[in-house]
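The structure appears right after this line, and notes come after that.
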Amino acid sequence: MNLGWSVLEALRENPEVLKDSLRKRYMPTDLVDKAIELDIKWRERITELNRLREKRNEVNRLIPRIPPEERGKLIEEAKDLGRKVKELEEEVKKLDEERNKILASLPSIVHESVPEGPDETYNVPVRFWGKPKVPRSKLESFKRETEGFQVEFELLDWEPKGHADELELILKMGDTYKAAQLSGSRFFYLFKDIVWLEQALVMFALDVISKKGFIPVIPPYMLRQDYYLGVTDLETFKDSIYKIEGEDLYLIATSEHPLIAMHAGDTFVEEELPRLYVGVSPCFRKEAGTHGKDTKGIFRVHQFYKVEQIVFSKPEESWEWHERLIENAEEIYQALEIPYRIVNIAAGDLGASAAKKYDLEAWFPAQGRYRELVSCSNCVDWQSYRLKIKLDRKGRREFVHTLNSTALATTRTICAIIENHQREDGSVRVPRVLRKYLELFDSAPKDEIVPLEEKLIKD
RNA sequence: GCCGGGGUGCCCUAGCCCGGAAGGGGGCUGGCCUGGAGAGCCAGUGGCCCAUUGGGCCGCGUGGGUUCAAAUCCCACCCCCGGCGCCA
């Protein structure tokens with residue numbers, strides 16, 4: 001039976017494809033040759049080992065059938081074969097471990113439509129939506145960010161405040177300084193209207209996505225390491241995952257992780273796919289190696305809430321689902337009236353698990369830049385191979401494809417709303433689509449968020 | 001945290017005391033049978049390696065150990081369930 005992971009198949013049948021993919025990612029290709037060499041050697045040795053074990057088993061089965069007094073010679077032979085088997089087993093085990101270590105480090109084969117390039121400067125915008133507000137001072141930057149596209153915009157004669165200053169100094173509804181004192185940088189307090197706004201955003205996104213047939217899920221917020229390494233590569237794991245001291249438990253960086261791992265070991269039949277889920281959970285991220293980036297405000301923080309779309313699909317349908325997921329996210333940001341663009345992420349900027357990734361980047365008027373709010377990835381069979389999530393097709397087994405896409409991450413969306421819907425007087429307009437969810441609460445804002453007179457906590 | 005029970009193929013279960021090729025049931029898939037359906041019967045239903053048909057190996061929570069031979073005996077660990085305690 002040919003149960004193949006695409007990367008392993010390529011390794012044996014078409015290593016050039018694998019090397020091309022690595023080159024596109026700006027990664028070394030010598031590992032492929034090493035892996036091929038180890039794989040060939042491993043297959044040689046395991047065949048040899050199997051033959052040796054067969055012989056040993058034959059002798060062992062013979063022993064109980066002859067009279068005890070005649071067994072001595074055969075027992076000696078069996079002992080000898082046993083020793084040889086043990087030796088060879090150790091060698092095979094070593095080879096297997098070495099091979100698997102390399103295999104586990106190999107990333108997904110990138111899709112042909114992924115742009116080449118070593119880093120995010122090679123990401124390719126594919127479409128723009130909305131009419132961005134552009135302060136005069138950011139016009140240059142806007143032109144650069146929209147190069148090659150005709151994007152209609154609204155020129156502002158005033159300077160909107162950056163989301164961080166607007167939130168903390170103008171609205172006075174956030175405090176990262178007090179939070180830093182107690183918990184460290186990249187933590188925050190949010191107050192009053194922003195709290196309601198966050199709740200409404202979560203409900204709204206959950207509402208939109210669940211209506212499309214995605215099953216709502218609240219997952220465990222911690223996972224064991226074994227399962228964690230089934231959904232993410234070691235690099236990401238080290239840089240972003242918090243560990244619970246003294247236990248084999250890790251705080252989730254996104255509900256994608258427990259939602260994908262939810263089907264570890266499962267075998268689907270065709271009729272059961274696609275499986276659609278919408279996860280809601282807090283996300284915890286160490287943000288190691290991002291010192292100095294986005295240090296103000298709540299754009300880049302250690303914890304936030306996120307509504308996440310997850311799809312388990314048949315292999316031949318995953319690319320179609322990839323498009324659908326990003327469209328779902330677009331629907332949400334269109335409803336929130338936030339101008340954005342979709343970018344196709346360059347191969348060199350892709351995580352190991354993803355074969356292709358779109359980001360939805362919202363326009364930030366005060367920064368004069370498009371910034372990432374949504375990531376939408378097709379992980380093909382990278383995660384399902386590790387977690388053994390299969391599709392049983394009349395006896396033939398394949399690995400399912402897994403996809404994930406942000407529907408809405410609260411903190412970044414709040415930042416985008418605060419900058420895009422900011423008025424000259426410092427108030428912030430609330431997108432009409434949230435009204436329904438705010439209506440439920442008497443003290444929630446309805447049409448606009450108005451600055452507080454005084455700060456709630458002392459400096 | 002303490003005490004007890006348990007982990008066998010997709011699911012359930014026998015085997016464990018007393019070591020000698022993992023048996024039964026269910027589900028699913030295919031075939032036979034049928035006017036059709038059902039029942040019945042047969043086969044398949046974990047992973048890996050070699051190969052043209054086919055053959056072999058591994059696998060009974062994990063890792064060690066004893067033995068010619070381990071699901072079975074020994075040691076360590078992990079996980080799940082129940083009870084008690086603690087607790088929002």
Side-chain angles (χ1 to χ4, degrees), chain A residues 1-13 35-104 218-230 243-250 258 261-273 275 282 312 314 381 384-400:
Chain A
M1 185 167 302
N2 194 9
L3 172 60
W5 175 32
S6 54
V7 171
L8 184 55
E9 267 171 22
L11 186 78
R12 287 182 181 171
E13 285 156 29
I36 292 172
E37 193 190 309
L38 282 167
D39 187 51
I40 289 171
K41 198 154 182 199
W42 172 77
R43 283 149 83 188
E44 256 169 43
R45 302 306 253 168
I46 192 117
T47 305
E48 198 178 321
L49 173 62
N50 284 343
R51 269 199 277 267
L52 206 55
R53 288 205 270 223
E54 182 183 8
K55 215 178 286 172
R56 180 201 58 186
N57 292 348
E58 270 167 20
V59 176
N60 278 340
R61 274 184 297 240
L62 220 55
I63 290 172
R65 287 185 216 156
I66 59 173
E69 59 273 18
E70 295 170 26
R71 287 178 187 175
K73 218 177 119 195
L74 281 180
I75 287 176
E76 277 313 306
E77 195 185 339
K79 264 189 185 172
D80 188 47
L81 282 165
R83 271 192 293 270
K84 283 181 182 156
V85 163
K86 210 166 189 177
E87 268 171 44
L88 198 51
E89 269 174 351
E90 267 164 45
E91 192 187 335
V92 166
K93 194 178 165 191
K94 238 195 220 156
L95 282 169
D96 192 41
E97 278 166 4
E98 267 182 81
R99 184 190 71 133
N100 285 343
K101 208 173 151 194
I102 294 177
L103 236 42
I218 293 178
Y221 300 160
M222 302 177 205
L223 283 181
R224 298 203 178 106
Q225 184 172 34
D226 272 4
Y227 291 94
Y228 228 118
L229 291 177
K243 185 183 195 315
I244 304 295
E245 193 181 322
E247 303 197 47
D248 180 26
L249 281 175
Y250 298 81
M262 181 165 76
H263 283 302
D266 287 355
T267 301
F268 293 102
V269 293
E270 271 192 275
E271 304 75 63
E272 291 171 325
L273 296 178
R275 280 292 256 263
F312 294 83
K314 296 185 212 175
D381 58 359
S384 59
Y385 166 74
R386 290 159 178 245
L387 292 173
K388 312 292 170 227
I389 309 173
K390 296 172 220 168
L391 165 59
D392 187 339
R393 262 176 172 152
K394 306 215 189 305
R396 276 220 159 72
R397 281 179 173 75
E398 300 171 44
F399 289 107
V400 305

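Each chain gets a letter, A, B and so on, in the order the sequences are listed, and its residues count up from 1. Side-chain atoms are counted along with the backbone in the values below, which use heavy atoms only and exclude waters and symmetry mates.
- Under the side chain to side chain donor-acceptor pair (under 3.5 Å) criterion, E44(A) pairs with no residue at all, not counting sequence neighbours.
- Partners of D39(A) according to the salt bridge (charged side-chain N to carboxylate O under 4.0 Å, His left out) rule, which considers only residues two or more places apart in sequence or in another chain, are R12(A), R43(A), R99(A).
- The residue N57(A) sits close only to the backbone: its heavy atoms come under 4.0 Å of sugar-phosphate atoms, none of a base.
- One P atom belongs to G46(B), the other to A39(B), and the distance between them is 24 Å to the nearest Å.
- By the salt bridge (charged side-chain N to carboxylate O under 4.0 Å, His left out) test, K84(A) pairs with D80(A), sequence neighbours left out.
- The same atom, P, is picked in A76(B) and in C28(B); the two are 44 Å apart, to the nearest Å.
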Could I get a table of every N or O pair under 3.5 Å where one atom is in the protein and the other is in nucleotides 70-77 of chain B?
none

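- Side-chain proximity of W42(A) to the nucleotides C57(B), C49(B), G20(B) is greatest for C49(B).
- Going from atom CD1 of I75(A) over to atom P of G20(B) covers 16 Å, rounded to whole Å.
- Comparing G6(B) with G55(B), their C1' atoms are spaced 38 Å from each other, to the whole Å.
- A donor-acceptor pair under 3.5 Å links the side-chain atoms of S384(A) to the main chain of V400(A), judged by distance alone.
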Counting only pairs under 3.5 Å, give me each side-chain donor-acceptor contact of residues 52-61 of chain A, with atom names and distances, residues two or more places apart or in other chains.
residue, atom, partner, partner atom, Å
R53(A), NH1, E89(A), OE2, 2.7
N57(A), ND2, R53(A), O, 3.4

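- By the side chain to side chain donor-acceptor pair (under 3.5 Å) test, Y228(A) is found to be paired with H257(A), residues two or more places apart in sequence or in another chain being considered.
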Which atom pairs link the protein and nucleotides 50-55 of chain B when you take only N or O atoms and keep those under 3.5 Å?
residue, atom, partner, partner atom, Å
C50(B), OP1, R43(A), NE, 2.8

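- A distance of about 48 Å separates the C1' atoms of C79(B) and C33(B), rounded to the whole Å.
- Separation of the C1' atoms belonging to C16(B) and C86(B) is 37 Å when rounded to the nearest angstrom.
- By the neighbour-count criterion of 12 heavy atoms within 6.0 Å, atom OH of Y227(A) is sparsely surrounded, having that number or fewer from other residues, nucleotides or ligands.
- On the C1' atoms, G4(B) is 24 Å away from G15(B), given to the nearest whole Å.
- Nucleotides G30(B) and G82(B) place their P atoms 39 Å apart, quoted to the nearest Å.
- Nearest-nucleotide assignment on RNA chain B puts the 5′-proximal partner with R61(A), out of D39(A) and R61(A).
- Between K388(A) atom NZ and G47(B) atom C1' there is a gap of 9 Å when expressed in whole angstrom units.
- In this structure, I66(A) places its CD1 atom where more than 12 heavy-atom neighbours from other residues, nucleotides or ligands lie under 6.0 Å away.
- The separation between D266(A) atom CG and G46(B) atom P is 15 Å, rounded to whole Å.
- Considering CD1 of I244(A) and CG of L223(A), their distance stands at 11.0 Å, rounded to 0.5 Å.
- In this structure, E37(A) has no salt bridge (charged side-chain N to carboxylate O under 4.0 Å, His left out) partners at least two apart in sequence or on a different chain.
- Taken residue by residue, residues 92-101 of chain A places heavy atoms nearer than 4.0 Å to RNA chain B at K93(A).
- Contact annotation: R53(A) side-chain N/O to A69(B) OP1/OP2 distance is not under 4.0 Å.
- Across C68(B), G65(B), C58(B), the shortest atom-to-atom separation from the side chain of I63(A) is found for C68(B).
- Aromatic ring pairs are classed by plane angle as parallel below 30°, tilted from 30° to 60° and perpendicular above 60°; the pair W5(A) and Y385(A) is parallel.
- Separating the CD1 atom of I389(A) from the P atom of G47(B) is a distance of 15 Å, rounded to the nearest angstrom.
- Nucleic acid contact class of R224(A) (heavy atoms, under 4.0 Å, all strands): sugar-phosphate only.
- When the nearest nucleotides of RNA chain B are assigned to N50(A) and T267(A) by heavy-atom distance, the more 5′-ward of the two goes with T267(A).
- Atom pair E58(A):CD and A69(B):P shows a separation of 16 Å (rounding to whole Å applied).
- For K86(A), the listed nucleotide lying nearest its side chain is G65(B); candidates were C68(B), G65(B), A21(B).
- For E98(A), there are no side chain to side chain donor-acceptor pair (under 3.5 Å) partners, not counting sequence neighbours.
- Contact of the L88(A) side chain with the E91(A) side chain is registered, since non-hydrogen atoms from C-beta on lie closer than 4.5 Å.
- When heavy atoms are screened at a 4.0 angstrom cut-off, I46(A) is found touching the sugar-phosphate backbone but no base atom.
- Regarding L81(A), its CG atom lies at a distance of 17 Å from the P atom of U67(B), rounded to whole Å.
- C77(B) and C18(B) are spaced 28 Å apart, taking the C1' atom of each and rounding to whole Å.
- Salt bridge status for R45(A) with E48(A): present, with a side-chain N to carboxylate O gap under 4.0 Å.
- One can place OH of Y227(A) at 12 Å from P of C79(B), the figure rounded to the nearest angstrom.
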Under a cut-off of 3.5 Å for both distances of each Watson-Crick or G-U pair, what dot-bracket string does RNA chain B give, using [ ] for crossing pairs and | for inter-strand pairs?
((((((((.[[[[.)....(..]]]]((((((.......))))))(((((...)))))..[[[[[..)....]]]]])))))))....

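- The neighbour count for K41(A) NZ, taken as heavy atoms of other residues, nucleotides or ligands under 6.0 Å away, does not exceed 12.
- Note: CZ (R45(A)) to P (G56(B)) measures 23 Å, nearest angstrom.
- Y250(A) is linked by a ring-ring contact (aromatic ring centres under 6.0 Å, His included) to F237(A), counting only residues two or more places apart in sequence or in another chain.
- Counting only heavy atoms from C-beta on, K390(A) has its side chain closest to G46(B) among G20(B), G46(B), C68(B).
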